[in-house]
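Just below is one structure, and these are the notes that go with it.
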Amino acid sequence: MPRRAEEIRNAGLGGALALEPLDQGGQVRRLADYRGTNVVLYFYPRDDTPGCTVEGKEFRELYEQFIGLDCAVIGVSTDSVESHRGFAEKHGLPFPLLADTSGELASAFGVLEHGMAQRATFVLDRDGRVARSFLEVTPRGHAQRVLNFVRTLLESHRMLGG
């Protein structure tokens, strides 16, 4: 069972932000490099399985809306770079898929179980802090729920003068 969002907020993500997993193109991606933008970091168990495919395609369909809100979308599983490459190409996924083959990133977010990332999503704010966690995710409709939250987050930020 994943740790609660409050625990992750309290513990901080310093070490996780510095990890250097490879994306489906073999490029190093560090979460720290995304500071200054909001990030949707979604963990999923396996490439090309039914639920993971639904979730990936729904993020794909809403990708331009996330980008329009200055919000990056990043998928993460413990699959290999090669597996991610095939999955991204097959389904036209335009965002990075991180190959967390060691499970370090999933472990840092408390979602590694039996060597596999559990389905969960974290929205990181511009400072790299967890603004919201979605645990025990149902794939269908999830991307829209996350997009709605990001819109609310940005609107509240604007209302507070940010």
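Reckoned from all heavy atoms, side chains included, excluding hydrogens, waters and symmetry mates. None of the values given here were measured: they were computed from a predicted structure.
- In this structure, CD in E55 is found 5.0 Å from NE2 in H142, a value given to the nearest 0.5 Å.
- Both I74 and V130 are part of a single hydrophobic cluster, where members link through side-chain heavy atoms under 4.5 Å apart.
- The closest donor-acceptor contact from the side chain of R132 to the backbone of V123 lies at 3.5 Å or more, if one exists at all.
- When atom types are taken as modelled, the side chain of S102 and the backbone of E104 share a donor-acceptor pair closer than 3.5 angstrom.
- Side chain to side chain, Y34 and R126 fail the donor-acceptor criterion of an N or O pair below 3.5 Å.
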Worksheet item: Under the side chain to side chain contact (heavy atoms under 4.5 Å, CB included) criterion, do E58 and R140 qualify, and how do the steps go?
Response: CA-CA 8 Å; E58 288 190 3; R140 191 161 311 280; 3.6 Å; yes

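- F43 and F109 have tilted rings, their planes meeting at an angle from 30° to 60° on a 0 to 90° scale.
- Shown here for A120 and L135, the closest heavy-atom pair between the two residues is CB-CD2, 3.9 Å.
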Discussion item. Evaluate T53 against K57 for side chain to side chain contact (heavy atoms under 4.5 Å, CB included), listing each step before the verdict.
Written reply: CA-CA 6 Å; T53 300; K57 286 178 164 182; 3.9 Å; yes

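- Nearest approach of C52 to F87, heavy atoms of both residues: O-CZ, 3.8 Å.
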Can you list, pair by pair, the side-chain donor-acceptor contacts under 3.5 Å of residues 89-99, counting residues two or more places apart and other chains?
residue, atom, partner, partner atom, Å
K90, NZ, D48, OD2, 3.0
H91, NE2, D48, OD1, 2.9

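- Within 6.0 Å of the CZ atom in R30, the count of heavy atoms belonging to other residues, nucleotides or ligands exceeds 12.
- Across all their heavy atoms, L105 and A16 have their closest contact at CD1-O, 3.9 Å.
- A heavy-atom distance below 4.5 Å is found between the side chains of R35 and L17.
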Discussion item. For a side chain to side chain contact (heavy atoms under 4.5 Å, CB included) check, start with the C-alpha distance between C71 and V39, then their side-chain angles and the critical distance, and finish with the verdict.
Written reply: CA-CA 5 Å; C71 183; V39 175; 5.8 Å; no

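- Separation of atoms CD (E82) and CG (D47) is listed at 11.0 Å; rounding is to 0.5 Å.
- Using a 4.5 Å cut-off between side-chain heavy atoms of Ile, Leu, Val, Met, Phe, Trp and Tyr, with links allowed through other members, F122 and L19 fall into the same hydrophobic cluster.
- L22 shares a hydrophobic cluster with V28, V81; the chain of contacts runs through ILVMFWY side chains whose heavy atoms sit under 4.5 Å apart.
- Aromatic ring orientation, H84 versus Y44: tilted (interplanar angle from 30° to 60°).
- Residue R151 comes nearest to Q144 through the heavy atom pair NH1-NE2, 4.0 Å, listed as atom of the first residue, atom of the second, then distance.
- Each of L153, L124, D70, L69 was evaluated against N38; a single residue qualifies, L153, per the side chain to side chain contact (heavy atoms under 4.5 Å, CB included) test.
- Although no hydrogens or angles enter the test, the distance criterion places no donor-acceptor pair under 3.5 Å between the side chain of N148 and the main chain of T152.
- Nearest approach of A143 to L62, heavy atoms of both residues: C-CD1, 3.7 Å.
- Residues meeting the salt bridge (charged side-chain N to carboxylate O under 4.0 Å, His left out) test with D79, sequence neighbours left out: R46.
- Under the 4.5 Å side-chain heavy-atom criterion for grouping Ile, Leu, Val, Met, Phe, Trp and Tyr, F134 is connected to L154 within one hydrophobic cluster.
- Every residue two or more places apart in sequence or in another chain was checked for a side chain to side chain donor-acceptor pair (under 3.5 Å) with Y42, and none qualifies.
- By the 4.5 Å heavy-atom criterion applied to side chains, T78 and T101 are not counted as neighbours.
- Taking R129 as the reference, D125, D127 meet the salt bridge (charged side-chain N to carboxylate O under 4.0 Å, His left out) condition, with sequence neighbours excluded.
- Closest heavy-atom contact between P139 and R119: CG-NE, 3.6 Å.
- Remark: R145 engages no residue in a salt bridge (charged side-chain N to carboxylate O under 4.0 Å, His left out) (not counting sequence neighbours).
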